[in-house]
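Below is one structure, written out as structure tokens; comments come after it.
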Amino acid sequence: MAWSATSPGANQPDNTAFTQQRLPAWQPLLSAGIVLPLFFCVGLAFIGLGLGLYYTSNGIKELEYDYTGDPGTGNCSVCAAAGERVAPPPANCTCQWCFSLSELFQGPVFLYYELSNFYQNNRRYVVSRDDAQLSGLASALRHPTNECAPYQRSPAGVPIAPCGAIANSLFNDSFKLLHQRLPGGAYVEVPLDRTGIAWWTDYHVKFHNPEPINGSLKLAFYGTAKPPNWPRPAYDLSPDPNNTGFVNQDFVVWMRTAALPTFRKLYARIRHGNYSAGLPRGAYCVNITYNYPVLAFDGHKRLIFSSISWMGGKNPFLGVAYLTFGSLCIVTGFVMLVVYIRHQDENGEDEDE
Amino acid sequence: MTDPLQWARYHWPRLISGAGRNDGERFYNYSSLLLCGKKPSQTPKMAGKHRVVIARARYFKEEYEKTCGTYMNNRIRTTKYTLLNFVPRNLFEQFHRAANLYFLFLVVLNWVPLVEAFQKEITMLPLVVVLTIIAIKDGLEDYRKYKIDKQINNLITKVYSRKDRKYVERCWKDVTVGDFVRLSCNEIIPADIVLLFSTDPDGICHIETSGLDGESNLKQREVVRGYAEQDSEVDPEKFSSRIECESPNNDLNRFRGFLEHPSKERIGLSKENLLLRGCTIRNTEAVVGIVVYAGHETKAMLNNSGPRYKRSKLERRANTDILWCVLLLISMCFTGALGHGIWLSNYESVPFFNMPEPDGHNLSPALAGFYMFWTMIILLQVLIPISLYVSIEIVKLGQIYFIQSDIDFYNEKMDSTIQCRALNIAEDLGQIQYLFSDKTGTLTENKMVFRRCSIAGYDYCHEENAKRLESYQEVSSEDEDLTDTPSGSLSNMTKAKAPSCRTVNNGPLKSKSLNHLAGSCLALGGEDGPTDASLSRQAAFSSPIETDVVPDTGLLDKFSQITPQLFTLPNETDQDLSTETLYIIDFFLALAICNTVVVSSPNQPRQKLRLSSLGRMPITSLEEIKNLFQRLSVRRSSFPSLCSSKESSSSGGPNAFVSRLSLFNRSKLVPPTEEEDSPLSDGAPGPSEKTCLKDQEKAEAAAGSPDGSPDGSPDGSLDSPLGQALALDLHYEAESPDEAALVYAARAYQCTLKSRTPDQVTVDLAALGPLTFQLLHILPFDSVRKRMSVVVRHPLSHQVVVYTKGADSVIMDLLSLASADGESLEKQQKIIREKTQRHLDDYAKKGLRTLCIAKKVMSDTEYAEWLKNHFLAETSIDNREQLLLESAIRLENKLTLLGATGIEDRLQEGVPEAIESLQKAGIKIWMLTGDKQETAVNIAYACKLLEQDDKIFIFNTQNKEACEMLMNKTLEELKKDIQKPPNFPSLCIHVPPLRAGLIITGKTLEFALQDSLQSRFLELTGLCQAVVCCRATPLQKSEVVKLVRNQLQVMTLAIGDGANDVSMIQVADIGIGISGQEGMQAVMASDFAVSQFRHLTKLLLVHGHWCYTRLSNMILYFFYKNVAYVNLLFWYQFFCGFSGTSMSDYWVLIFFNLLFTSVPPVIYGILEKDISAGTLMQLPELYKSGQKSEAYLPLTFWITLLDAFYQSLVCFFVPYYTYQGSDIDIFMFGNPLNTAALFIILLHLVIESKTLTWIHMVVISSSILIYFFFALVFGAMCVTCNPPSNPYWIMEEHMMDPMFYLVCVLTTCIALLPRFIYRVLQGSLFPSLILRAKHLDKLSLEERNEALKKWKEARTVKQTTTGHSHPTDALERRRNLDPSCDLSVTTASVNSKQRDSPTFKATLDITNVSGMAMKTVPSSGHPLQNSIQK
């Protein structure tokens, strides 16, 4: 511009490495020769890891039983059939699963129930909860969020606590494990540790009961309705004051919605008394209180005993994947080697020219 | 299910048309123009309403208010926004973008409860961020414009004030219609003004319109008739007339109206009376005028349409791929909808994990599926990368920043660097296929420099001049202000002159020292001369490089022999010598006289030099004058001593004198010319030496007594002060720069043009003093005659003399064949002719513009006879032009050849190299120029656009049929050449692919551009390496560009410096303006403005390549990134009943694109450098990858998408199988997916990057850190804050789980493996050209040079094995192109079809309708003279 007066040289750009785009740079030039060692190293490392994972996973024992009660598959079918017909299923239909262990089931043993074809990850289902209410916020208790609808208020207009579909569909089968130490002996109830099955943070931070009024949780819940499918209100979930209401461990576990349509949830840990090392040899029976209807949506219910390692439950996939990928790397490495040698030849020829 | 389809059907055309519309969309910055009632681009029809202007003076206040009160004032506003309307207007403009509308639509969609997928507020976030960033950018740009406007509005001018009754200073913005404005010399005109008074007695005012139309020659404007005769200034108080004129329009070349006096007398107004805003007053002391148009209504502003909004090719490409993404998105959503419907209908009863509506009823599967479609669109919206647009904008800003920071574009002389005016097409620079260049001022410096001359058959090569020109590049900046003044050349000359008398051969004087001395001499003695650097800008064509001519010592030597005796004793002693000397005198007189140059002096600004009283003194008797001369001759030839005495006295110190003496001793003469042409060996040495000696003695005598004669001599009054003072400061302003160059050259030989009036020319000839020629006639230049003549009466011989200057081709034919002076003279002429012709050829080969100078002496009777006829011609009404032409031909014959000049329109530094590189880079270069064919071809050769052994086809036809025929023939021939490779490879082994050049003139171009010939023309040009269009009008230039661009679908770049290039600059995909010589018009219209042509090389080859690869890679990466990430969500839908669940927290989802993975690609887009600048410059071939869009082909896009699909599959299913059947919850499942995706996406970038600087490292690692930091903090802090999605403690939990790491590592590795292997194999097995070149970068400097050499050799070998080369041929010239001929075609080519000999030439004349001839060499001999072009 003719009218802009600047001192001479004022428009001169800075001569720095940055502005002149001369920054020192690492310029990776990928070629077979360079990546050869990488492939071999990664391959070996992965195979090592894979082996470790594989054996760890193999070391984990699992024992599972499908107690859905498909017609004619066991004594649970009666309950299942009964549950089909009646809208709130008849309470306390029980059935049994008996098994025997020929050797020690290495502990710590975890008892899971597994539901399949149960879309707990359905978006509309997932959002149907009120975390504020569950955290014990008084106002939210009386005014549950709209997300909970239609389980927000009872037909009478009373707010439901806990609101929402997730809470409403709380899994309510219960299990009792009996152990017969000696053949023909008496069945002893194996202590199931039902505490500590939820995340510590969930139990202690995220979920809170509303402030009890006069020491009574019932009063705190006054003015709220129970979820329609629940046989009893939240404050009656368990006689243990630390395990009732919103902080009922089963409830807390259930509220952590599963990612996939087939999922397990922890029911109990077996770690007390004689069973701290695992389940000893002998015959066992699980008494199942069958309440939860799954046949309507083609669902299945399973009961699983599983020992646990640092990598969680039994899953050979990761180990196999590591092994496969590691071997693949090694193979690629060899391919690269061939390429590298050939390519060098070509280069040599080029230079000869 | 049909509804989505309908939606698509409805929206698609909209999206497509939206994208398409953007292509051609122009945004007028000067949108306020639209508001002032006239559309800027309207055809300038005389509007129904006229404008009435009344002086804004005291007595007509009321009337004034009534008529002129509504006109716009002179304030301009080019900004788009004001503070108030910024937000709404910017939003409005932004939503013109289809993409933004789409995102707005998504936001709105999310507020529909039925389909809501995220929380409403969160979805808005990306859009808001994007809009804000762009709004800030727009705001800053507008603010810059605002500041410039303010500057312009506050410029000061002098306006008549009613109150003060005088002219007072006022800002431009306060000038209103009807104001009287008084402007002095060199002031810029603030508004459109009708000229009412000029200090020039003839009522003329000169303006320079370079700011407007780029033409740097002066234009004359006249005072309104009836006012010119007034002696005093117009009194605004008394001005009572009214002006009626057209309504404002944008036609620069038209102004109609009349001025009506109170007496109802009307005086017509034309454009000659109008001073346009933006022009500069030159050469006129002061003018007064009345404002008729102001501000936005001025013609200049109406013509200023502002920069246009261009979309780059790459972006257009990306837009189509975005449409593909939309299609992909829709099909994914459709899958989702379908899936959801099927999933729902699988259940006999509604399962309780499927929620009924809040009111309790359940949706039918079909309806639910329909809703799900929309939900999915919201969920998967990220597939359309919203951040892509923002990122592209940011990357472009970064790229522009680096282009602007490049120090190689910095021009110290002008303290300017590249200006990037268009911010969004930098990447187009990397894809240019056609380059259209202006010639003058773009390839050349538009500075005509006198280089050589040939007089009477002797070549004076002016070696020192040549060296001086070279050395200018080194010392230019410091010496500029010193050598700036003409006195520099004078003192130079005097130094060179003095020693020239002592004919001692000490070897050539070093040019540098000479230059230095010139400086020092000035420093000592040049105090009285203006040393203001700005002086150079005062006059057109007066930069030092043009004004300084170092005389050739040999010629000076001869020049010094000039004595008045030559005129007194013409027929006596020393016939040979005197003839030659007379030739020399006549030659320089012709240079000085035969032109239309305006003389001015900066010391007395712009007052035209009238003859001094001395000059006007009637010459009473020739005898008297002769005596006078004789007496003065002694003193005159000792002129140098005069100078030195002046210097030593002014500086007071002896140093100057000593240095001068040392110069005398040291410097000596180069032998005047190269060997055999030396006058000493060839001419008549004896007498020459004698004369020289005589002069020398005189000079020594004078030098011996430096304090002596000059001042003391009473006769000295004759040549001073006029002779001294003015000679130093004269400026010549010519209509064409080469005219000025010749006058400056003559001045260097002390043949100084001192003044010019319509009837007299005064020349100060060193030895003879001021001579006043009576100017009888000027026969101006025209393109038919290709020459101009002046007819003068010689003051000494009193003969009528015709001096003619013109193209060698014409002059040579007009020379006298039989001279009356007898055998010897005739013979001599013949020799001179031959020699001169040789020199001319030589000059032409060196790319000089050649002119022949000839003269003719007429007897009084001859003259009288001619005059009679000429008078008849002049006064005839019918056929006047034809008669005048005939009359001129009658006069211009039987000429005596004096000599020839070689003028260099100097090529800009580095132009040939630049053109060579660009051609190597596969760019087809067209030169479009308004210049003549000869000039154009000369320059084309000089700048290596055409090579000596190219086939040249010249199209110069006068009618369409011939043009068509010629085209067909040429096409045939070219095709033959291409299709038929030589059958005798043994004979022609090294032959590069055929190179052909096409030269086409404006007239023929017109035919070629017609619809019927277009395609053939394009086909033809497609076969040619270079095309030169000469005599092209600005409109044709733009039509050519448009044609090529639209028909061939190629990327075009136009570069130019003048207003005549503006239209072409605007039409091309990229317009580049050269800032410098010719005003700002081209720059204003351009996308990039550079200061020199050679900068184009780096701009295209390096920055263009970088910008293109960077941006295309970044865009591809963005597509990849979004598809890869979004597909994770999509795969999850298969496991959640297509219910639209996202396994990630919304914030993570939003931030993933907005925060975690946004900066690395931007940095990658800005800093990625696949090859170093040096390699790119050295291997222009690498540019071809950009031309072919190799970095971003449709296939690349699909491969990228495929890779993205693969990676997302891996990224989803590895964790899926790992966590299958476990107690994992949704967010726990999403977390490793996110984390792995982050690593995959970032490491993918690392694999793709060719350079990784610490900035990359910092950005990538901080992306990862931010991700983890965010996840951890959010996981820890947010217990209930983000219902219903709640990632509480997820990350913490995972960080403690070894499985998490194992999953992430495995996923990342598997996902990246294929691309990694591909890159590795590509690197080893089939490296692209670019990859190979990259290898060079890794080598050390020496190795690199070695490798580069090898590389280049390898390439040439490759080429030569495929083709065969043209032998360089001897030249054959066909000089006479008869322009009057209806049809004249010349085709030149080196023809290699005759196979028996590798070197031969074939000449082929097809003398049918299209006379077709072949020739091998540039028709460079055609001299040029920039004609008077109006």
Side-chain angles (χ1 to χ4, degrees), chain A residues 3 8-9 11-15 19-21 23 25-27 29-32 35 118-129 131-132 135 145 147 149-150 165 169 201 205-206 256-266 296-297 310-313 315 317-318 321-322 325 332 339 343, chain B residues 148 151-152 155 347 349 351-356 358 360 402 405-407 410 415-417 1135-1137 1139-1141 1143 1169 1214 1217-1218 1220-1226 1228-1229 1250-1253 1279-1280 1283-1284 1286 1288-1289 1298-1299 1302 1306 1309-1310 1317 1319-1321 1323-1325 1334-1335 1337-1338:
Chain A
W3 21 67
N11 294 325
Q12 181 166 11
D14 294 340
N15 189 3
T19 56
Q20 300 309 311
Q21 311 192 54
L23 282 180
W26 177 54
Q27 305 191 328
L29 250 183
L30 297 176
S31 70
V35 296
F118 189 104
Y119 285 82
Q120 222 190 359
N121 53 13
N122 185 346
R123 183 178 60 88
R124 302 163 66 87
Y125 177 87
V126 168
V127 298
S128 185
R129 62 191 288 163
D131 280 334
S135 71
T145 170
E147 312 279 352
S169 61
T201 46
V205 183
K206 203 168 156 186
R256 200 161 263 284
T257 47
L260 300 169
T262 300
F263 60 89
R264 295 173 182 185
K265 288 198 180 291
L266 188 56
F297 52 89
W310 56 268
M311 59 172 284
N315 189 348
F317 171 78
L318 206 58
Y322 262 95
F325 185 74
T332 320
V339 168
H343 178 63
Chain B
I148 293 172
Q151 244 174 347
I152 295 174
L155 288 175
Y347 297 107
S349 61
F352 54 78
F353 46 78
N354 190 45
M355 297 271 295
F402 277 121
S405 307
D406 193 322
I407 203 156
Y410 181 66
D415 184 35
S416 71
T417 184
F1135 302 96
C1136 68
S1139 61
T1141 313
M1143 66 286 182
K1169 207 165 77 173
V1214 170
Y1217 282 116
T1218 308
Q1220 195 187 23
S1222 70
D1223 59 347
I1224 193 102
D1225 76 274
I1226 294 178
M1228 280 291 266
F1229 179 65
K1250 303 287 190 300
T1251 33
L1252 292 167
T1253 63
V1279 182
T1280 58
N1286 194 330
Y1288 180 65
W1289 215 248
M1299 283 292 277
L1302 288 172
L1306 183 71
C1309 288
I1310 296 180
I1317 291 180
R1319 287 291 173 210
V1320 168
L1321 290 181
S1324 332
L1325 291 182
K1334 191 170 158 50
H1335 274 282
D1337 283 346
K1338 300 207 96 177

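No hydrogens, no waters, no symmetry mates; every other heavy atom, side chains included, goes into these values. Lettering of chains follows the sequences in order, A, B, ..., and the numbering in each one begins at 1.
- Highest contact tally toward chain B, considering only A:V205, A:T332, A:T262, A:T145, is held by A:V205 [criterion: heavy-atom pairs under 4.5 Å].
- Nearest heavy-atom pair across B:Y1288 and A:T201 is CE2-CB, 3.6 Å.
- Of the two parts of B:T1218, the backbone and the side chain both hold a non-hydrogen atom closer than 4.5 Å to a non-hydrogen atom of chain A.
- Considering all non-hydrogen atoms of both residues, B:K1334 and B:K1250 come closest at NZ-O, 3.1 Å.
- At a 4.5 Å heavy-atom cutoff, the contact between A:F325 and chain B is made by side-chain atoms alone.
- Not one N or O on the side chain of B:S405 forms a donor-acceptor pair closer than 3.5 Å with the backbone of A:T19.
- Shown here for A:Q21 and B:K1169, the closest heavy-atom pair between the two residues is O-NZ, 2.5 Å.
- Aromatic ring orientation, B:Y1217 versus A:F317: tilted (interplanar angle from 30° to 60°).
- Of the listed residues (B:L1302, B:D1223, B:T1141, B:D1225), the greatest number of heavy-atom pairs within a distance under 4.5 Å of chain A belongs to B:D1225.
- For the set A:A258, A:G313, A:A149, the entry with the most heavy-atom pairs within less than 4.5 Å of chain B is A:A258.
- Of the residues considered (B:S1139, B:G1140, B:G1323, B:G1221), B:S1139 shows the highest number of contacts with chain A, using heavy-atom pairs under 4.5 Å.
- Counting heavy-atom pairs under 4.5 Å between each of B:G1137, B:C1309, B:P1298 and chain A puts B:C1309 at the top.
- Of the atoms belonging to A:S135, it is side-chain heavy atoms, and not backbone ones, that fall under 4.5 Å from chain B.
- Top candidate by heavy-atom pairs under 4.5 Å with chain A, chosen from B:T1253, B:I407, B:V1279, is B:I407.
- Looking at B:F1135, both its backbone and its side chain come within 4.5 Å of chain A, counting heavy atoms on both sides.
- The distance from atom OH of A:Y119 to atom CZ of B:F353, rounded to the nearest 0.5 Å, is 7.5 Å.
- Between A:F118 and A:F297, the two ring planes are perpendicular [angle over 60°; tilted spans 30° to 60°].
- Contacts between A:D14 and chain B at a heavy-atom distance below 4.5 Å involve the backbone alone (N, CA, C, O).
- The two residues A:R129 and A:T257 have their closest heavy-atom pair at NH1-CG2, 4.5 Å.
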